[in-house]
Each structure stands twice: as structure tokens, then as C-alpha cells.
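Report on the following structure.
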Number of protein chains: 2
Amino acid sequence: MATAHTAAEGVGRQPRVRPTQRERSDATVEDLLTAARALFASAGYAATSLDAVCERAGVTKGALYHHFAGKKQLFSAVYTREQERLAARITGAYRAAAADPWQAVFEGCRAYLEASLDPEVQRITLFDAPGALGWEAMRDLGVNCRELTQKGIARAIRKGAIPDRPADPLTSMLYGGLSESAMAVVRAPDPQAALDEVLTDLRRLFDALAAGS
Amino acid sequence: MATAHTAAEGVGRQPRVRPTQRERSDATVEDLLTAARALFASAGYAATSLDAVCERAGVTKGALYHHFAGKKQLFSAVYTREQERLAARITGAYRAAAADPWQAVFEGCRAYLEASLDPEVQRITLFDAPGALGWEAMRDLGVNCRELTQKGIARAIRKGAIPDRPADPLTSMLYGGLSESAMAVVRAPDPQAALDEVLTDLRRLFDALAAGS
DNA sequence: ACACTCACATACCTTCGGTATGTATGTTTC
DNA sequence: GAAACATACATACCGAAGGTATGTGAGTGT
């Protein structure tokens with residue numbers, strides 16, 4: 001049986017003799033989020049028990065409920081982190097090609113797609129999040145990838161890289177399409193070949209959109 | 001407290017003095033599916049208890065577990081029915097425009113999109129199904145709308161209505177995009193206007209795809 | 001150094017999915 | 001047509017899991 005401090009000290013954090021309360025909190029939250037993300041990603045939201053999360057994190061449910069309002073909130077925090085990581089990758093790819101606004105969107109889409117191929121990311125963001133959080137909660141949860149897509153498209157339109165149009169419909173089609181594509185690619189007999197096909201087709205789609213009136 | 005026969009007789013079925021076993025079974029399954037679909041649609045999969053389903057159906061859990069292996073199977077049956085209803089609407093719209101293979105796909109997409117605006121359909125097929133059933137189970141569950149989309153696109157390619165390309169990537173983009181669009185449209189400040197925008201943009205997308213090389 | 005808050009641990013409650021068993025009602029067989 | 005059997009449930013119960021109430025010891029402000 002592990003004590004409350006074992007987890008915090010075990011991760012390489014310097015074992016302070018008298019850790020401040022803020023440090024304890026942060027470490028505990030970190031442990032909980034790490035444990036929760038691992039279990040949510042492998043077993044899924046419903047099949048993950050809070051007891052298992054607590055055991056893995058080396059704390060009890062008292063600690064969990066002190067920092068999170070409940071299972072949904074815990075998952076929400078994990079989901080938010082996942083979105084932030086995805087957003088960082090997308091933004092990085094986008095910025096690297098920002099000179100060409102439409103090409104930048106393409107690179108952002110490629111980054112989102114490739115990142116979403118990770119089964120763990122997929123389980124959290126694509127399978128469990130809608131049912132567990134609901135669409136509105138997902139939308140209003142800090143930075144999300146859909147918003148990035150929308151901004152990228154809006155910029156491409158403003159810059160005249162693609163014909164003028166409202167940004168929202170295309171945002172939904174792109175974002176939803178890429179999400180579904182990620183799920184299909186991973187389950188394909190030859191995922192690598194499927195990914196190549198998807199990217200090739202996405203390229204043609206982008207060209208067609210740029211050429212359209 | 002209702003007796004076991006109340007539900008079956010209450011729906012207008014002619015109250016036979018000695019109903020055959022097949023009739024009893026069918027009536028019970030029907031009652032269970034109707035009750036389950038109502039609760040799953042309004043409260044969601046996780047928040048729906050089997051006790052509530054049984055109470056609404058006028059039977060007990062013994063009956064439920066006699067006809068279904070468990071909660072997941074019950075939801076699966078409800079989901080399958082929903083997909084069949086959607087597929088029927090899509091096929092109807094598609095056939096009506098089948099003379100033009102690409103236009104037929106457009107009409108099928110429009111039908112899928114409009115049918116998916118129903119919050120109850122959305123809750124079952126778009127929010128809860130992925131998490132509760134998993135992607136593979138959804139795919140292998142009889143007739144599904146994604147498969148219809150794929151066939152329509154493949155036909156349009158064979159007929160030369162759009163430039164030659166693999167059908168799968170475009171299928172994912174279209175199907176996923178429409179699903180996401182349906183969710184966005186319903187939550188828009190002005191859903192009707194949002195739907196019009198989406199359909200207009202979809203039209204442009206189809207034209208661009210047909211024109212592309 | 002004293003009161004006070006924070007960060008948990010412990011114990012318990014309730015709900016709910018699932019199962020084991022009992023029973024009445026068709027259904028088949030001789 | 002009556003025994004033998006299968007079907008279609010109802011009833012009672014179990015265990016897991018989300019959530020809560022309460023206790024406690026370690027930091028923290030005054």
C-alpha cells in the first residue's frame with residue numbers, strides 16, 4: 001500500500017521535507033490527470049472506474065473529489081488537455097505555412113489528422129467526448145480544434161485564397177470529415193496506405209475548393 | 001402496477017384471449033424498443049436506466065434480459081432501427097435523382113443531413129453510438145448510412161460524373177462532415193439559416209468536386 | 001502559538017447493470 | 001388429451017461504481 005507522498009516523490013520531483021500546499025495540490029492533480037488519461041484512453045470513459053484512477057494515481061477518492069466535481073469533470077479536464085496538445089500541433093503546422101493562407105489550413109488539417117491517428121487520442125476526443133460531455137460542453141471548453149479550423153478558413157477567405165463564402169459550413173465539413181477519416185484510417189487493413197489516400201484526396205479537395213467560383 | 005399484458009393490449013393490438021408466444025414476444029420487444037428509444041433519445045445512453053426502460057415498457061428486467069443480452073445490445077437494436085430509418089430516407093432521395101449519379105449523391109446527403117437535425121436521432125446516432133458501440137460495431141451493424149454514401153460515390157465515379165479517385169477518402173469526408181454539420185446546425189442561433197448556408201455550401205462543394213481534375 | 005484553512009483519508013450510501021431462480025403460459029408429442 | 005417440454009416472463013438478489021459525509025493531520029495567516 002502506497003502512502004500519499006509516494007506518487008509525488010516517485011516521478012522525480014525533488015522530495016521536499018515540507019512541501020507547500022500548492023505543490024501538493026499541483027502534484028496530486030497532475031497524478032490524477034495522468035492516471036485518468038491513461039485509463040480513459042485504454043479502457044474508455046464508461047469502463048474506467050474512479051477507484052481505478054485513484055489507485056493508479058496513488059490517492060483516494062477523497063483527493064479526487066477535492067480537486068474535481070466528479071467523473072465528468074475529471075474527463076473534461078483530460079479532454080481539455082488533449083485538445084490543447086492537438087491545438088499546439090495544429091498551430092505549429094499552420095504557422096510554418098502561414099505565408100500561403102490556404103496551404104496553411106491544409107497543413108493544419110494534416111497535423112490534426114495525423115495526431116488523431118493515435119488510438120488514445122481518438123478514444124478520448126472522438127469516441128467518448130461527445131457522449132460524455134455533449135456538443136456544447138465540447139465547444140465551450142477552452143481552445144478547441146474546431147475553432148482553429150474556423151479561424152484558418154476565415155483567414156483564407158479574407159486573404160482571397162479561396163472564393164468568398166461563409167466559413168462555418170466549410171469548417172464543419174472539414175473538421176467532421178477529418179475526424180471521421182482518422183477513425184477510418186486506423187481501422188483500415190493498411191493504415192499507412194489509407195492515410196496516403198486520404199491526404200492525396202484532401203489535397204485534391206483543397207485544390208478544387210481554391211479553384212471553385 | 002401494470003400487469004404484463006397491459007402494455008401489449010394498450011397499443012391497440014387486438015386483445016386476443018390466448019395470444020401465441022410469437023405474438024407476445026414481438027409485442028414485448030416492440031414495447032421495449034419503443035420505450036428504450038424514447039429514453040435513450042431524451043436522456044442519453046448513460047443516464048438511461050434499464051429499470052426506467054422496463055417501467056415505461058410495462059415489463060420487468062426478466063423480460064428485457066430474455067430478449068436482449070444487456071444494455072449495450074438493447075441500445076444496439078435501437079441504433080440499428082434508427083440507421084434503417086435513416087437509410088430508407090436516404091435511399092428514397094437518392095433513387096428519385098438517380099438519373100444524375102452525382103446529383104443523386106447530393107440529394108442523399110441532403111436527406112441524411114435533414115434527418116439528422118432531429119435532436120433524438122442526433123443523440124442516438126451521433127453522440128452516444130460511438131462511445132457505446134465503438135466504430136467497428138457501428139460499421140458492422142447491418143445497413144448503415146456510411147455504406148450508402150460510399151456506394152453512391154463509387155457509382156458516381158464509375159459513371160464518370162466526377163473525376164476518377166478512390167471512393168473511401170471522400171466517403172469519410174462527406175459522411176463525417178455532414179454529421180458534424182448536423183450537430184452545428186441544430187445548435188446555431190438560427191438553425192434554419194444555418195441549414196440553408198450548409199446546403200448552399202454543400203452545393204458549391206459538389207460542383208467543385210465535379211469540376212476538379 | 002493560536003486559530004484556521006487546506007488537502008486529503010475513511011466509511012458509507014445509493015443506484016444500476018447483471019444474474020439466478022421461480023412460475024405461468026403456450027407448444028409439442030405420444 | 002394429457003404428460004413432457006419449451007417459452008416468456010416476474011421476483012429477489014448481488015456486486016460494482018459514482019457520489020457524499022465526516023474525520024484528521026499537515027501547512028498557513030495573525
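Chain identifiers are assigned alphabetically (A, B, ...) following the order of the sequence lines, protein sequences preceding nucleic acid strands; residue numbering begins at 1 within each chain.
Counting heavy atoms from C-beta on, the side chains of Leu86(A) and Val121(A) come closer than 4.5 Å.
Atoms CG and CZ, on Leu199(B) and Phe106(B) in that order, are 5.5 Å from each other to the nearest 0.5 Å.
Atom CG of Leu64(A) is separated from atom C1' of dT10(C) by 15 Å (rounded to the nearest Å).
Every residue two or more places apart in sequence or in another chain that forms a side-chain hydrogen bond (donor to acceptor under 3.5 Å, both in side chains) with Arg203(A) is listed here: Gln103(A), Asp207(A). Here Arg85(A) pairs with Glu82(A) under the side-chain hydrogen bond (donor to acceptor under 3.5 Å, both in side chains) rule; sequence neighbours left out.
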Could you run down the sub-3.5 Å N/O contacts of the protein with nucleotides 3-7 of chain C?
from: dA7(C); atom 1: OP1; to: Ser25(A); atom 2: OG; distance (Å): 2.7
from: dA7(C); atom 1: OP2; to: His66(A); atom 2: NE2; distance (Å): 3.1
from: dA7(C); atom 1: O5'; to: Ser25(A); atom 2: OG; distance (Å): 3.3

Give me, pair by pair, the N or O atoms of the protein and of nucleotides 17-20 of chain C that are less than 3.5 Å apart, along with how far apart they are.
from: dG17(C); atom 1: OP1; to: Thr48(B); atom 2: O; distance (Å): 3.1
from: dG17(C); atom 1: OP1; to: Lys71(B); atom 2: NZ; distance (Å): 3.0
from: dG17(C); atom 1: OP2; to: Leu50(B); atom 2: N; distance (Å): 2.7
from: dG17(C); atom 1: N7; to: Lys61(B); atom 2: NZ; distance (Å): 3.1
from: dG18(C); atom 1: OP2; to: Tyr65(B); atom 2: OH; distance (Å): 2.8
from: dG18(C); atom 1: OP2; to: Lys71(B); atom 2: N; distance (Å): 2.9
from: dG18(C); atom 1: O5'; to: Tyr65(B); atom 2: OH; distance (Å): 3.4
from: dG18(C); atom 1: N7; to: Lys61(B); atom 2: NZ; distance (Å): 2.9
from: dG18(C); atom 1: O6; to: Lys61(B); atom 2: NZ; distance (Å): 2.7

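Stacking of Lys71(B) on the aromatic ring of Phe40(B) is not recorded, the 6.0 Å distance cut-off and the 45° axial limit not both being met.
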Per-pair distances, 0.1 Å, donor-acceptor, side chain in residues 62-69 of chain A, under 3.5 Å, sequence neighbours excluded:
none

Which pairs of donor and acceptor atoms, one on a side chain in residues 173-183 of chain A, lie under 3.5 Å apart (sequence neighbours left out)?
from: Ser179(A); atom 1: OG; to: Tyr112(A); atom 2: OH; distance (Å): 2.9
from: Ser179(A); atom 1: OG; to: Tyr175(A); atom 2: O; distance (Å): 2.9
from: Glu180(A); atom 1: OE2; to: Arg146(B); atom 2: NE; distance (Å): 2.9
from: Ser181(A); atom 1: OG; to: Gly177(A); atom 2: O; distance (Å): 2.7

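Distance alone, capped at 3.5 Å, is enough to place a donor-acceptor pair between the Trp102(A) side chain and the Phe206(A) backbone.
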